[in-house]
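Remarks on the structure that follows.
No experiment lies behind these values; they were computed from the predicted model shown. All heavy atoms count here, side chains included; hydrogens, waters and symmetry mates do not.
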Amino acid sequence: MSVTDEIKSRIDLVSYVQRQVPGLKKAGRNHKACCPFHNEKTPSFIVNPERQTWHCFGACSEGGDLFTFAQKIHGWEFKEALRELAAEAGIALRAQTPEQKSASDRRDALRGMVNAAADLYQDRLQAGDALAVRRYLTESRGLNDETVRIFQLGYAPDSWDWLLLSLRRLGYSDEDIVEVGLAVRSDKGRVYDRFRNRLMIPIRDERGRVVGFGGRALGQDESAKYINSPQSALFDKSGLLFGLDMGKGAIRESGTAVIVEGYLDVIQAHQAGYLNVVAQMGTAMTERQIGLVAPRFAGKIVMALDADEAGQNAARRSLEVARQALSRDYAGRLSVDLRILQAPAGKDPDDFLRQSPAAWDSLVAGAQAVADYVIDAETAALPDDSSMHEREAVALRVLPILTASESNLYQQENVQKLSRRLRISERDLLAWARDKLPAEHSAPPPMEDLPPAYWQDNQIPYPGEASELSAFAGSAEPAPAIGSGLKRALEPYCLGLLLRDPNLLYLVNRKLRELAGDDDDLLRGPLCALGVDDFTESQYRMLMAHLQESMAQDEREPLEHLESMVGADLQLEYQALLLEAPEAVARSIRRNFQVDLNDIFRRRPSRTGPRSSERDELISRALQLRLTRLEYERVELQYLQEEAQSSVEVDQQQTEQLNAKIMLSMKAKARINRAVSRYSHSLQQSSIS
């Protein structure tokens with residue numbers, strides 16, 4: 001995880017924005033307020049808690065993440081924002097070693113491949129041989145099409161090499177495919193698919209990136225009902241909670257995280273509207289998993305594990321981990337209200353939600369306090385004539401949890417209850433708690449990653465993304481990369497550079513042709529020349545159309561022709577995009593907005609041409625712009641594919657055409673991802689040198 005990722009994982013954007021914008025209020029799944037960056041009467045400023053992003057749909061038309069908001073609201077450059085936010089998050093900034101940088105680049109490349117695999121599995125779910133799987137999801141599991149789409153459920157066919165061959169066609173090597181656990185290499189060197197004839201469930205990290213898979217067996221003769229991706233550079237099940245990427249907003253709003261055991265428990269809960277439900281990846285709870293939700297998002301954790309013996313045993317193991325993780329004050333008391341949900345006998349959360357979804361709220365509300373659950377569970381098997389030794393053993397297992405209660409009154413009540421159950425005096429129980437369990441009451445170890453006492457300029461932090469490179473380039477002149485000053489969105493950044501130097505469009509299109517190679521289908525389709533369809537904002541689409549027309553005519557210089565085409569309605573946007581490094585201008589005029597900015601730029605010495613780093617940055621960002629377009633188009637293709645499959649008479653020709661377009665899109669995405677990764681590495685090296 002990069003420094004910026006870690007900071008964003010520790011600082012909630014909604015809470016941060018609310019401190020600066022007190023009027024921010026919940027509106028559906030988002031939060032809404034009047035934009036703090038311009039005057040308006042109707043709120044158009046939106047903060048999305050799930051994606052941890054903000055956007056103004058009014059006059060600003062700006063948006064971004066935690067860093068862009070902090071930069072804009074405080075007038076900071078990226079380096080200042082990184083320093084201040086790291087201090088708030090309690091993270092010490094350190095330079096990344098070459099080895100760490102190499103590992104980070106490697107993970108980025110592997111993520112692209114795992115994401116491609118998720119696309120492939122999802123598309124295969126619509127194939128003819130997956131009909132039984134689709135029926136299983138809808139008829140046996142009661143999942144609707146929207147839920148299947150949201151969780152990107154897929155199908156791994158009953159084949160030894162289907163995924164392997166598909167990923168090879170996208171340009172990935174066997175070594176990479178094996179490394180992330182999508183394939184297995186036998187002792188004899190043969191490589192084959194790990195997942196075969198299984199329902200495929202993509203597992204995402206907190207930021208929504210696919211890092212692995214859970215595969216549910218579909219055949220009756222499979223020995224393992226579920227298999228997960230193995231431990232890898234991307235996948236570590238002890239540090240993941242399934243569904244957290246989509247559920248953290250609801251967890252924050254409700255103050256409660258409900259932790260279940262299985263993937264389908266989460267999927268069923270989300271379909272029923274209970275978005276604060278996540279899963280612990282089928283293992284006993286880990287301290288890292290607890291830390292993902294509490295106390296950062298939730299003040300209350302409800303553990304809703306399966307009612308069978310395995311589920312109850314997992315609950316006992318998880319309770320001890322949770323107690324250790326949540327005992328963070330110097331009294332050793334629980335900082336989070338921990339409770340246990342026990343579903344009716346014989347039902348797991350998935351069964352209960354399918355049969356009685358409306359009763360789930362009441363079931364969660366009635367979850368037992370952890371102390372009550374532990375006393376009941378640990379004393380249930382004690383015979384009436386149990387020996388003192390047996391009762392003492394139970395006491396020593398239970399007392400650590402009881403003495404971690406939130407108040408002395410509650411602690412006393414619990415000890416009294418245990419005293420009655422075990423027929424041991426309260427005085428003896430408290431003496432054991434004091435004398436035999438001293439470590440349970442010692443002060444916790446100091447927290448790691450404490451902020452530095454002061455900032456030293458020679459502590460150069462490592463930028464986690466290519467967009468942050470310019471903050472550390474060391475040049476006196478601000479670089480125009482997205483990460484310098486005000487971090488621009490992709491569309492205005494790319495368009496601004498193209499408008500200032502239209503010839504750069506040739507470089508971008510040459511790169512797209514290079515990626516397409518000899519594949520005419522790619523060149524005519526997903527890797528065609530950059531154009532109007534790569535932009536979503538209407539004013540940017542119009543300006544891009546004018547730019548293309550200016551490049552196509554031969555009567556005048558492109559810039560001269562372009563300026564003549566831009567009407568009064570676009571002049572303001574056009575002039576704003578022509579400004580280079582606006583943050584440098586803001587500093588030079590000391591926020592004196594009476595100065596004529598146009599006059600400043602007329603008097604500035606013009607550059608002979610863009611720097612090589614600027615060209616590379618533009619190409620990298622333009623390729624990312626194309627990735628965004630392909631994602632939108634893919635969703636549309638998927639809807640068409642589902643409509644074709646659900647029609648009474650399946651049009652086989654149309655189905656094949658849609659499948660071909662989707663495969664072509666995935667091939668283009670794979671090539672673009674590799675190119676962007678190379679540019680990222682190149683830009684990093686140039687910024688360091």
Inset, instruction - Please report the C-alpha distance between Val266 and Val260 in whole Å, then the side-chain angles of each, then the deciding distance to 0.1 Å, and finally whether the side chain to side chain contact (heavy atoms under 4.5 Å, CB included) criterion is met. - result: CA-CA 7 Å; Val266 173; Val260 296; 3.6 Å; yes
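- Looking at Leu264 and Arg216, their side chains come closer than 4.5 Å, going by heavy atoms from C-beta outward.
- Closest non-hydrogen pair, Ala279 versus Gly262, comes out as CB-O, 3.6 Å.
- At a threshold of 4.5 Å between non-hydrogen side-chain atoms, the residues Gln52 and Asp65 do not count as touching.
- For the pair Leu125/Val148, a side-chain contact is recorded, criterion being any heavy-atom separation below 4.5 Å from C-beta on.
- For the residue pair Ile7 and Leu85, the shortest heavy atom distance occurs at CG2-CB, 3.8 Å.
- Each of Val258, Leu363, Ile259, Val277 was compared with Val302 under the side chain to side chain contact (heavy atoms under 4.5 Å, CB included) criterion, and only Val258 meets it.
- Residues Pro49 and Asn30 have side chains in contact (heavy-atom distance under 4.5 Å, counting atoms from C-beta outward).
- With a 4.5 Å cut-off on side-chain heavy atoms, Pro230 and Arg194 count as touching.
- Salt bridge status for Asp129 with Arg124: present, with a side-chain N to carboxylate O gap under 4.0 Å.
- For the atom pair CE of Met113 and CG of Leu234, the computed distance is 8.0 Å after rounding to the nearest 0.5 Å.
- Residues Met281 and Lys237 approach most closely at CG-O, 3.6 Å, considering heavy atoms.
- Between the side chain of Arg149 and the main chain of Asn144, no donor-acceptor pair closer than 3.5 Å is present.
- With hydrogens and angles ignored, the 3.5 Å screen pairs no side-chain donor or acceptor of Gln268 with any backbone N or O of Pro349.
- Atoms CG and CD, from Leu13 and Gln18 in turn, are 10.0 Å apart once rounded to the nearest 0.5 Å.
- For Gln289 (side chain) and Leu240 (main-chain N/O), a donor-acceptor pair under 3.5 Å exists by modelled atom type.
- The CD1 atom of Ile11 sits 7.5 Å away from atom CD1 of Ile91, with the distance rounded to the nearest 0.5 Å.
- Ser356 places no side-chain N or O within donor-acceptor distance of the main-chain N or O of Ala359, the cut-off being under 3.5 Å.
- With values rounded to the nearest 0.5 angstrom, Glu146 atom CD is found 11.0 Å from Phe151 atom CZ.
- The distance from atom CZ of Arg204 to atom CD of Gln152, rounded to the nearest 0.5 Å, is 4.5 Å.
- In this structure, Arg354 does not pair ionically with Asp348, as no charged nitrogen and carboxylate oxygen lie closer than 4.0 Å.
- Shortest non-hydrogen contact noted between Lys248 and Glu206 is NZ-O, 3.1 Å.
- Considering every non-hydrogen atom in both Met666 and Leu120, the closest pair reads CE-CD2, 3.5 Å.
- When atom types are taken as modelled, the side chain of Asp12 and the backbone of Ser15 share a donor-acceptor pair closer than 3.5 angstrom.
- Atom CG in Asp176 sits 10.0 Å away from atom CG in Leu167 (nearest 0.5 Å).
- Between Glu88 and Arg10 there is no salt bridge, since none of the side-chain N atoms of the basic residue sits less than 4.0 Å from a carboxylate O of the acidic one.
- Across Asp265 and Leu353, no two heavy atoms sit closer than the pair O-CD1, 3.9 Å.
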Legend entry - Steps toward side chain to side chain contact (heavy atoms under 4.5 Å, CB included) verdict (His270, Thr147): CA-CA 8 Å; His270 281 227; Thr147 298; over 6 Å; no
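- Of the possible polar contacts, one joining the Arg198 side chain to the Lys225 backbone as a donor-acceptor pair under 3.5 Å is found.
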Inset, instruction - Go through the steps to decide whether Asn228 and Tyr263 satisfy the test side chain to side chain contact (heavy atoms under 4.5 Å, CB included), and finish with yes or no. - result: CA-CA 11 Å; Asn228 288 331; Tyr263 307 127; 2.5 Å; yes
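- In this structure, the side chains of Ile73 and Pro36 come closer than 4.5 Å at one or more pairs of heavy atoms.
- Side chains of Leu218 and Leu199 form a contact here, defined as non-hydrogen atoms less than 4.5 Å apart.
- Qualifying ring-ring contact (aromatic ring centres under 6.0 Å, His included) partners for Phe213, counting only residues two or more places apart in sequence or in other chains: Tyr121.
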Inset, instruction - Check step by step if side chain to side chain contact (heavy atoms under 4.5 Å, CB included) holds for Val21 and Val47. - result: CA-CA 11 Å; Val21 188; Val47 180; over 6 Å; no
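- A heavy-atom distance below 4.5 Å is found between the side chains of Lys669 and Leu627.
- Taking the six-membered ring where the residue is Trp, Phe69 and Phe45 present tilted rings, their angle falling between 30° and 60°.
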